[in-house]
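For reference, the structure is listed below as C-alpha cells.
If you read the sequence from its start, that first residue is 1, and numbering goes on from there. Counting starts at 1 for both ligands and their atoms, in listed order.
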Amino acid sequence: MNNGEKKNMTVKTFGVIGSGQMGNGIAQVAAASGLQVVMSDVKQEFAEKGLAAIGKNLNRLVEKEKISQADGQAILSRVKITTNLEDMAAADYVVEAATEREELKFGIFRELDRICPPHVILGTNTSSIPIGRIAAQTDRPEKVIGMHFMNPVPVMKLVEVIRGLATSDETFSITWQLCEKFGKTPAEANDFPGFIANRILMPMINEAIFCLYQSVGKKEDIDTVMKLGMNHPMGPLALADLIGLDTCLAIMETLYDGFKDSKYRPCPLLRKYVEAGWLGRKSGKGFYTY
Ligand SMILES: CC(=O)CC(=O)SCCNC(=O)CCNC(=O)[C@H](O)C(C)(C)COP(=O)(O)OP(=O)(O)OC[C@H]1O[C@@H](n2cnc3c(N)ncnc32)[C@H](O)[C@@H]1OP(=O)(O)O
Ligand SMILES: NC(=O)C1=CN([C@@H]2O[C@H](COP(=O)(O)OP(=O)(O)OC[C@H]3O[C@@H](n4cnc5c(N)ncnc54)[C@H](OP(=O)(O)O)[C@@H]3O)[C@@H](O)[C@H]2O)C=CC1
C-alpha cells in the first residue's frame with residue numbers, strides 16, 4: 001500500500017459539491033457523523049440557502065428532543081460553505097451533488113481531479129449517469145465511485161454504492177464504511193444507466209405521468225391508488241414533485257439514451273412541465289402547488 005492509500009483510511013474533511021436539496025442533506029449527515037464539511041455552490045446565496053436548510057433541519061431535531069441544542073450547534077459549526085471549488089483541496093473525500101447534467105458533472109470532475117490531492121476519492125451522487133463515463137474525465141478512475149443517497153437524505157436509510165469498471169476495491173470499501181458511519185445502509189449496484197434505484201423507480205413515476213397525460217385518472221386518484229393500494233408513503237406524482245421534475249426528466253433521458261429502448265421514453269407531459277419551469281416543490285409548482 002502506498003502513502004496515498006494510507007492517507008485515505010482516515011477521512012476528516014468531507015467535500016460536497018452543490019448545496020441543493022441533496023447536497024445540503026449529505027453535508028448534514030456527514031457533519032452529524034463528526035466530519036468537518038466543506039460545501040460548495042456556484043453562488044453565495046445558494047450556498048447560504050443550503051446552510052440555512054441544514055440549520056432548520058437541526059432545529060427541528062432539537063425541538064423534537066432528538067438531539068441537544070449544543071449538538072445541533074456543533075453539527076452546524078462543522079459545515080463551511082464556499083463558492084470556490086479550489087477549497088476542495090482541503091477535503092479527504094469529495095461527493096458531487098450538482099445538477100443532473102452530464103457536461104456539468106464532467107467539468108466538475110475535471111476540475112476536482114486537478115484540485116484534489118491524488119489519494120482523494122471523488123464520489124458522485126448522480127441519479128443515473130454511468131460512473132465510468134464520469135470517471136473517464138479524470139486521471140484517477142480507480143478512485144471514482146457512485147455514492148447515491150436518497151431524498152430526503154437525513155431520513156432515508158439507503159445509499160446505493162456504484163462501482164465503475166475501474167473503481168478499486170479500496171475505494172469501494174472506504175465508501176461503504178463511510179455510508180455506515182453516516183448511519184446509512186449501503187447496497188451495491190453495478191454501472192448501468194439509472195443503477196438499481198432509478199431503473200425501477202423512475203419508469204414507475206413516468207408511467208404515473210402517462211396515466212395523468214392519457215386521463216386514466218386525476219392526479220389525486222393516481223397518488224391515492226399507489227398510497228393506499230400499494231402502501232407507498234407518497235404517491236408517484238407527489239414523489240416526482242419532491243425529487244424535482246427536471247431531475248426526473250434527466251434520469252428518463254439517461255435511461256432512454258443508454259438502453260435505446262422505447263419503454264424509457266419520457267412522457268411528453270413531464271417534458272412540458274419542465275419546459276414551463278414547473279419543477280415541483282423547489283419551484284413552488286409541479287403536479288401540485290406548494
Ligand atoms: C431520484 C433519486 O435518485 C433517488 C431518490 O431519492 S428517489 C426518492 C426516495 N424517497 C422516497 O421515496 C420518499 C418517500 N416518502 C417518504 O418516505 C415520506 O413521505 C417522507 C419521509 C418524505 C415524509 O414522511 P411523512 O411521514 O409523510 O411525513 P412527516 O411526518 O412530515 O415526516 C416523517 C419524518 O421525516 C422527517 N422529514 C420529512 N421531510 C424531511 C426533510 N426534507 N428533511 C429532513 N427530515 C424530513 C420529519 O421531520 C419526520 O421526522 P420524525 O419522524 O422524527 O418526526
Ligand atoms: N432530487 C432527488 O431526489 C435526488 C437527486 N439526486 C441527484 O443529486 C444531484 C443534485 O440533485 P438536487 O440536489 O435534487 O438538485 P438541486 O437542483 O436541488 O441542487 C443542485 C445544486 O447544484 C448547484 N450547482 C450547479 N452547478 C454547480 C457547480 N458547478 N458547482 C456547485 N454547485 C453547482 C445548483 O445551482 P443552480 O441552481 O444555479 O444550477 C443547485 O444549487 C443530481 O445529480 C441528482 O440527480 C440523487 C438522489 C435523489
Side-chain angles (χ1 to χ4, degrees), residues 15-29 32 38-51 53-67 81-85 87-88 94-112 123-129 134 146-160 162 189 194-202 204-205 223 226-227 231-236 238-255 279-283 286:
V16 182
I17 314 292
S19 63
Q21 56 181 342
M22 295 307 290
N24 73 59
I26 296 167
Q28 180 183 326
V29 297
V38 190
M39 179 173 75
S40 82
D41 211 306
V42 274
K43 282 196 190 154
Q44 181 68 17
E45 60 180 289
F46 297 152
E48 281 169 7
K49 202 171 150 201
L51 189 64
I54 298 174
K56 204 171 144 197
N57 263 337
L58 291 170
N59 278 341
R60 215 167 44 207
L61 294 176
V62 171
E63 277 160 23
K64 287 189 210 152
E65 299 183 348
K66 298 214 164 167
I67 57 173
I81 55 173
T82 182
T83 54
N84 186 356
L85 208 60
D87 289 341
M88 291 299 153
V94 179
V95 167
E96 167 279 320
T99 314
E100 187 77 351
R101 282 210 320 270
E102 193 168 272
E103 282 306 323
L104 174 76
K105 291 190 191 290
F106 285 179
I108 291 172
F109 272 77
R110 286 194 289 263
E111 282 294 284
L112 287 175
T124 172
N125 186 52
T126 179
S127 295
S128 57
I129 301 166
I134 295 176
M147 192 183 198
H148 182 207
F149 291 82
M150 302 294 125
N151 185 8
V153 180
V155 180
M156 305 301 283
K157 281 280 168 214
L158 178 74
V159 180
E160 204 178 16
I162 309 110
F195 322 123
I196 298 173
N198 283 315
R199 176 84 174 263
I200 299 172
L201 175 71
M202 211 41 74
M204 192 265 298
I205 288 179
D223 276 352
M226 297 307 286
K227 270 198 315 188
N231 259 1
H232 289 195
M234 301 172 92
L239 183 56
D241 277 355
L242 172 71
I243 292 167
L245 302 191
D246 51 342
T247 303
C248 293
L249 179 60
I251 296 167
M252 287 309 297
E253 300 276 27
T254 302
L255 289 169
L279 306 182
R281 285 196 196 189
K282 65 181 161 189
S283 71

Notebook entry, point to check: Is it the side chain, the backbone, both or neither of M156 that has a heavy atom closer than 4.0 Å to ligand 1?
Noted result: side chain
Check: Under a heavy-atom criterion of less than 4.0 Å, does K105 contact ligand 2?
Finding: yes
Note to self: Does ligand 2 come near enough to K282 that some N or O of the ligand is less than 3.5 Å from an N or O of the residue?
What the structure shows: yes
Check: Quick check: does M22 get an N/O under 3.5 Å from an N/O on ligand 2?
Finding: yes
Note to self: I need the contact type for R60 against ligand 1. Using non-hydrogen atoms and a strict under-4.0 Å cut-off, is it side chain, backbone, both or neither?
What the structure shows: side chain
Margin query: I want to know if ligand 2 touches E96 in the polar sense, i.e. an N/O pair below 3.5 angstrom.
Written below: no
Next item on the list: Please could you name the atoms of ligand 1 that K64 approaches to less than 4.0 Å, counting only its heavy atoms?
Entry: 47 (C), 48 (O), 49 (C), 50 (O), 51 (P), 53 (O), 54 (O)
Checklist line | Heteroatom proximity flag, E100 to ligand 2, N/O under 3.5 Å | finding: yes
Note to self: Working to the nearest 0.5 angstrom, can you tell me the gap between I196 CD1 and H148 NE2?
What the structure shows: 11.0 Å
Margin query: Just to verify, which of Q21, R281, M202, M22 counts as forming a side chain to side chain contact (heavy atoms under 4.5 Å, CB included) with I243?
Written below: M202
Next item on the list: Please work out which of L279, N151, T254 has its closest non-hydrogen atom nearest to atom 2 (C) of ligand 2.
Entry: N151
Next item on the list: Just need the protein heavy atom nearest to atom 10 (N) of ligand 1, so name the residue and atom and give the distance.
Entry: N151 O, 2.7 Å
Check: Hey, is ligand 2 close enough to T126 that some N/O pair sits below 3.5 Å?
Finding: no
Notebook entry, point to check: Which is it for L201 and ligand 1 at heavy atoms under 4.0 Å: side chain, backbone, both or neither?
Noted result: side chain
